[in-house]
Asks: 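What follows is a structure written as structure tokens; I'll ask about it next.
Numbers restart at 1 for each chain; the letters A, B, ... are given by sequence-line order, proteins then strands.
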Protein chains: 2
Amino acid sequence: MIELFKALSNRKGLEILHGLKHPEKHFPPQDEGDVHTVGVCFSSIQEGVGLSQSTVSDYLATLQRASLVEVRRIGQWTYYKRNEATIRALAEILGKGGS
Amino acid sequence: MIELFKALSNRKGLEILHGLKHPEKHFPPQDEGDVHTVGVCFSSIQEGVGLSQSTVSDYLATLQRASLVEVRRIGQWTYYKRNEATIRALAEILGKGGS
DNA sequence: TGATTATATCGGAATTATCCGATATGTCAA
DNA sequence: TTGACATATCGGATAATTCCGATATAATCA
């Protein structure tokens, strides 16, 4: 839970998470796999946010630790998509009695 | 909007905001004014979070700038309560297409 | 007015976050 | 198994945050 807020506290983290909601608007198209079912591949995200490879990897790891994104590896590529369940739960906590 | 996420990105800020939801659980009782209608007075919040006067003042100012809390000054006391409208709006943004 | 109490603002020390390059690992293709 | 590519991890430089004490302001009361 603490990990979750920490991940959300980050500008770029939020930017990635938002971008993953509408990938075609925020990230360049990828060669294989539908962005909404499989997810967005790493390099596409990296290009979209415009940070170094290692930095983007760090952010994605943080988002994953907070289970704000789901990760799927296919061959040599890694695909990321939002974990809507976690996000919905957080929204509920915020909206109702929560923090 | 950016100011808002920045305020929420903060552990103690979140703690205060959460405390303000159930003041009787998180802050010592105050002499005058109902915590739910008037708000919680500064010194009560300060005692609750256990930080210096100036630090707590900083946090409350940040929360106010983000309109996450409403502030009312009565005489020499300042009362704070959650701005549920802002919080609800944020929850909605999170839950729906938002960041 | 001057003393007292409540809160705000300011400057800075210590901690933490951001972001990078270098390097390691994991996967596939030849 | 080697080489090429995709991604992860590590160490560190710089920038930002956290939190404090000192001090300023604001309100009240004698």
Asks: Separation of Asp58(B) atom CG from dA16(D) atom C1', in whole Å?
Replies: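 Going from CG in Asp58(B) over to C1' in dA16(D) covers 15 Å.
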Asks: Return yes if the base of dA8(C) and the side-chain atoms of Gln53(B) contain a donor-acceptor N/O pair under 3.5 Å, otherwise no.
Replies: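 Side chain to base: pair found, below 3.5 Å.
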Asks: Identify the two heavy atoms, one from Glu70(B) and one from Arg82(B), that lie closest to each other, and give their separation to 0.1 Å.
Replies: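 Heavy atoms of Glu70(B) and Arg82(B) come nearest at OE2-O, 3.7 Å.
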Asks: Would you check if the side chain of Lys81(B) reaches a backbone N or O of Thr37(B) as a donor-acceptor pair within less than 3.5 Å?
Replies: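 Indeed, once roles are kept as given, a pair shorter than 3.5 Å links the two residues.
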Asks: Thr55(B) side chain: which of dC19(D), dG21(C), dC19(C) is closest?
Replies: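 Shortest atom-to-atom distance from the side chain points to dC19(D).
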Asks: Indicate, with yes or no, if Tyr79(B) and Phe27(B) share a hydrophobic cluster defined by side-chain heavy-atom contacts under 4.5 Å among Ile, Leu, Val, Met, Phe, Trp and Tyr.
Replies: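 No; tracing contacts between hydrophobic side chains, which count when under 4.5 Å, never links both residues.
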Asks: If you compare all heavy atoms of Thr86(B) against all heavy atoms of Ala66(B), which two are closest, and at what distance to 0.1 Å?
Replies: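 Result for this residue pair: CG2-O, 4.0 Å.
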Asks: If each of Lys12(A) and Phe42(B) is mapped to the nucleotide of DNA chain C with the nearest heavy atom, which maps nearer the 5' terminus, i.e. the 5' end?
Replies: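 By nearest-heavy-atom nucleotide position, the 5'-most residue is Phe42(B).
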Asks: Between Thr62(B) and Asp58(B) (side chain of the first, backbone of the second, donor and acceptor by atom type, cut-off under 3.5 Å), is there such a pair?
Replies: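 Yes: the side chain of Thr62(B) pairs with the backbone of Asp58(B).
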Asks: Under a 4.0 Å heavy-atom cut-off, which of residues 72-81 of chain A touch DNA chain D?
Replies: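 Of all residues in residues 72-81 of chain A, the ones placing a heavy atom under 4.0 Å from DNA chain D are Gln76(A), Trp77(A), Thr78(A), Tyr80(A).
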Asks: Phe42(A) vs Tyr80(A) aromatic rings, parallel, tilted or perpendicular, using cut-offs 30° and 60°?
Replies: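 Rings of Phe42(A) and Tyr80(A): tilted, as their planes differ by 30° to 60°.
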Asks: For dT17(D) and Asn10(B) - does any side-chain N or O of the residue sit under 4.0 Å from the phosphate oxygens OP1/OP2?
Replies: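 Negative; the distance criterion is not met.
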Asks: Atom CG of Asp31(B) and atom P of dT5(C): how far apart are they, to the nearest Å?
Replies: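 One finds 14 Å between P of dT5(C) and CG of Asp31(B), rounded.
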Asks: Heavy atoms within less than 4.0 Å of DNA chain D: which residues of residues 43-52 of chain B have one? Give them sorted by number.
Replies: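 The answer is Leu51(B), Ser52(B).
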Asks: Looking at Tyr59(B), does any N or O in its side chain come under 4.0 Å of the phosphate oxygens OP1/OP2 on dT17(D)?
Replies: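 Negative; the distance criterion is not met.
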Asks: Write down the distance between NZ (Lys6(B)) and P (dT18(C)), rounded to a whole number of angstrom.
Replies: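 So the NZ-P distance, Lys6(B) to dT18(C), works out to 12 Å.
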Asks: What is the minimum heavy-atom distance between Lys12(A) and Val49(A), and which atoms define it?
Replies: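 Closest pair (atom of Lys12(A), atom of Val49(A), distance): NZ-O, 3.7 Å.
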Asks: Please tell me whether Leu68(A) and Val38(A) are part of a single hydrophobic cluster in this structure, the criterion being side-chain heavy atoms less than 4.5 Å apart.
Replies: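 Looking at the clustering, Val38(A) is in a separate group from Leu68(A).
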